[in-house]
Amino acid sequence: MEENERQLRLTVAFEGEGGGGGVVTEPGALMSEQAIDGRVIKACQEGDREAFRLLFEAYQDRAYSIAYHFSGDEAMAKDMTQQVFLKLFTSIRQFRHDAEFTTWLYRLVVNVCLDEHRRRRRFVPFGEAPERSHGVARRPVEEHYRRRELAGEVQAAIAELKPKLRIAILLKYFEELSYDEMAQVLGCSPGTVASRLNRGHRMLAEKLAHLRGALYAGE
Amino acid sequence: MKQHVGPQLTAYCYGELAPEEARQVGEHLLACQRCRQEYEEVKLGVDLTAQLPARPAPPSLWGQVEARLEETAAPARRGPGLRFAPGWRPLAALAAALALLFVGAFWYFSRPERAARPPEVVRQPAPPPVLSPSPSPPDAGRTPSPPRRPGTRASFEVARLDGSPKVADSPIGATGRLGVGEWLETDAASRAQIQVADLGHVEVAPNSRIRLVTTRATEHRLSLARGRVEAQILAPPRLFIVETPSAIAVDLGCAYTLEVDESGGSVLHVTSGYVELEGRGRQSSYVPAGALCATRPGVGPGTPYFEDATGAFRAALGQFDFARGGARALDTVLAAARRRDTLTLWHLLERVDAGERGRVYDRLAELFGPPDGVTREGVLGLDPGMLERYRQHLRWVW
């Protein structure tokens, strides 16, 4: 493959040490989803490690966020994110361009999350919710800390939801997928997606009803 | 719209409905108290979900994925293994059960003829493997490791490399077992290798003393009292831990050496991946490949630095970390720092007094500027999100 045809490396000239600095390959800092196009995926299919890295940099945060909020555990989220990309890289040759790449990727994320849940619950508690304080609404703490505590409580409550409800909520919120896209990723009908989201959100509201005041304070 | 609109409420909240449908749902909500109550619940749930922060992936992830890709790319040590389509699983299980039944019946009915034979003729089942979550889910058709039976003692296999290493004060042969709570000791002429479940191995150098603290699905922990170990671990992060008298080394998927001297101080040298050094009451040190970090009893981990840092830089850092070197030592560190030494400067942000933090930040930013969204004010205020973003940004030069 011609070098100019691939153009996979993002380069940036650093200022600072030594005046003009050198040209350094820096995939992460400038990487965005827009940079992932058919050429990158094709290069991945040909085993190009640099292309893998670009792909990884573009999607790692999204995969990690879902894995983290799904498992409620940083170490597990790291492991699950690794699994997602290992599966992605080892099976990317099977990807056909007749499907959306992101749909395919999110399907891997969902499978890893649900597989991990099934596998780990046999050995150790999975997604065990951090303890909730039930005190957010009453404490006059600063906004930053109030929001952080609130997020902690929501995370704990989400970790208690059934896996299928949990993953639906996380996909909707973090990836903003449409119901049709979610149906493709989850392998169910859009009606089932709607039902899972409804149930999930209502259960969340039920568990965290005491936070209503804190959530809407200042509105 | 007379029909209740429960199933459409989440889509309504997310603005997913077509305008006409949304209008109908809105009108229904005005008239139907039941659906309005349900809508308020769903909306609360949606608004609560919106409180979840996005979590950036930790910087060490690519290194770990790459290491595992290497492993995948290497010639397969194991055969491809049988894979069953999901529908075949029950049949495979049934076949296995029938086979067991057949073997059991055969054994039962043939006992009288075999009674006179020596007992070793009867195959003993292999000792149950120590549970450890494998990096990837078990393949279809592969049986996951069974849980350890109550009463079965957890242990690691130990191989003698040189001399006569001892486990629990008894010399081992070519191989032995290191049980939970037992010490492995090597003298000046001995070396040994500990197999850490199925995660990797730890080579124990001469004059070392190390104990197996625990081994279970979620954690394998050794305690190094003195001497030197070289660990090569390929595992999910935080599964393998080595304690020393002055710090705890948490494996984030890597290879490293850890040396503990007679005083309990230690030096960690990471050769691949990342290690996190934790100490009581002190900020953790993230030590990437090519970097070292010293620890001292009563102090905890020092500040990590790269092995190719200048002598002046290293000496001043040692003074700052462990000899109350203060502002003078900090001056030297800042002056001698190269771009790669931003590893050290980033860690120093949280370790210097508030009055010195601005100097550290300015030098750090001079060597490698912060990413978008990270401000001087935020870093000086030790905003955790900004510090983490800056660290991720800096890893390109570490």
Side-chain angles (χ1 to χ4, degrees), chain A residues 14-17 24 26 28-29 49 52-53 56-57 60-61 63-65 68-69 74-75 77-79 81-83 85-87 89-90 115-116 119-120 122-124 147 150-151 154-155 157-158 169 172-174 178-179 191 194-195 197-198 200-206 208-209 211-212 215, chain B residues 6-11 13-14 16 38 40-62 64-66 68-69 72-73 131 133 135-138 144 147 216-218 235-239 252-253 338-339 366-369 371 392-393 395-397:
Chain A
F14 291 123
E15 294 178 357
E17 195 176 70
V24 182
E26 193 200 40
R49 187 62 61 86
F52 281 165
R53 184 171 175 143
F56 177 83
E57 294 292 347
Q60 60 168 336
D61 288 347
Y64 181 82
S65 272
Y68 177 81
H69 289 296
E74 197 176 314
K78 287 181 191 171
D79 185 32
T81 309
Q82 283 188 48
Q83 286 184 46
F85 284 99
L86 284 171
K87 281 172 186 272
F89 295 156
T90 51
D115 284 350
E116 274 299 292
R119 192 169 72 92
R120 297 220 188 211
R122 283 179 290 181
F123 303 136
V124 293
R147 287 285 161 195
L150 196 56
V154 176
Q155 186 189 331
I158 282 186
I169 286 179
K172 183 68 197 160
Y173 175 64
F174 282 108
S178 70
Y179 279 28
S195 163
L197 285 173
N198 257 18
H201 284 120
R202 290 183 68 186
M203 288 174 80
L204 208 54
E206 193 180 330
L208 299 175
L211 293 180
R212 184 183 289 273
L215 181 66
Chain B
Q8 293 149 280
L9 287 176
T10 305
C13 286
Y14 276 113
E16 279 249 346
E38 192 173 336
E40 283 173 6
E41 285 177 10
V42 170
K43 184 176 182 305
L44 177 60
V46 169
D47 291 343
L48 285 165
T49 308
Q51 303 304 309
L52 285 179
R55 300 280 296 206
S60 57
L61 258 186
W62 171 250
Q64 290 154 18
V65 170
E66 196 170 31
R68 284 168 66 174
L69 275 175
T72 312
L131 266 185
S136 53
R216 58 175 190 263
T218 51
R238 302 187 175 279
L239 204 54
L252 301 177
R338 308 156 304 159
R339 178 181 285 172
E366 184 186 357
L367 291 169
F368 199 81
Q392 291 199 36
H393 185 59
R395 66 196 168 116
W396 302 113
V397 290

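Just so it is clear, the values below take in all heavy atoms, side chains as well, and ignore hydrogens, waters and symmetry mates. This is a predicted model, so every value here is computed, not measured. So you know, we letter chains A, B, ... as the sequences are listed, proteins then strands, and number each from 1.
Between atom CG of residue B:L44 and atom CD of residue A:E206 there is a gap of 11.0 Å, rounded to the nearest 0.5 Å. Here A:L150 contributes atom CG and B:L48 contributes atom CG; the two are 6.5 Å apart, rounded to the nearest 0.5 Å. Note that CG of A:D61 and CD of B:Q392 are 6.5 Å apart. Values are rounded to the nearest 0.5 Å.
In this structure, A:Y179 contributes its side chain and B:A11 its backbone to a donor-acceptor pair below 3.5 Å. In this structure, A:Y173 contributes its side chain and B:L52 its backbone to a donor-acceptor pair below 3.5 Å. A donor-acceptor pair under 3.5 Å is absent between the side-chain atoms of A:H201 and the main chain of B:D47, judged by distance alone.
Heavy atoms closer than 4.5 Å to chain B are found in both the backbone and the side chain of A:L197. When heavy atoms are compared at a cutoff of 4.5 Å, A:T81 approaches chain B solely by way of its side chain, counted from C-beta outward. If you measure heavy-atom distances from A:F174 to chain B, the contacts under 4.5 Å come from the side chain alone. In this structure, no portion of B:P371 lies under 4.5 Å from any heavy atom of chain A.
Between chain A and the residues B:R55, B:Q51, B:E40, B:E38, the most heavy-atom pairs under 4.5 angstrom are made by B:R55. Heavy-atom pairs under 4.5 Å with chain B were tallied for A:M203, A:Q60, A:R202; the largest tally goes to A:R202. Per-residue counts of heavy-atom pairs under 4.5 Å with chain A were compared for B:A50, B:A54, B:G369; the largest is that of B:A50.
Considering all non-hydrogen atoms of both residues, B:T49 and A:L204 come closest at OG1-CD2, 3.4 Å. Among all heavy-atom pairs drawn from A:K78 and B:P58, the shortest one is CE-CG, 3.3 Å. Across all non-hydrogen atoms, the minimal contact from B:G45 to A:A205 is N-CB, 3.9 Å. Minimum interatomic distance between A:A151 and B:P53 (heavy atoms only, all atoms of both residues): CB-CD, 3.9 Å.
A search for side chain to side chain donor-acceptor pair (under 3.5 Å) contacts involving B:T10 returns A:N198, not counting sequence neighbours.
Between A:F89 and B:W62, the ring planes lie perpendicular to each other; the angle is over 60°, past the 30° to 60° tilted range.
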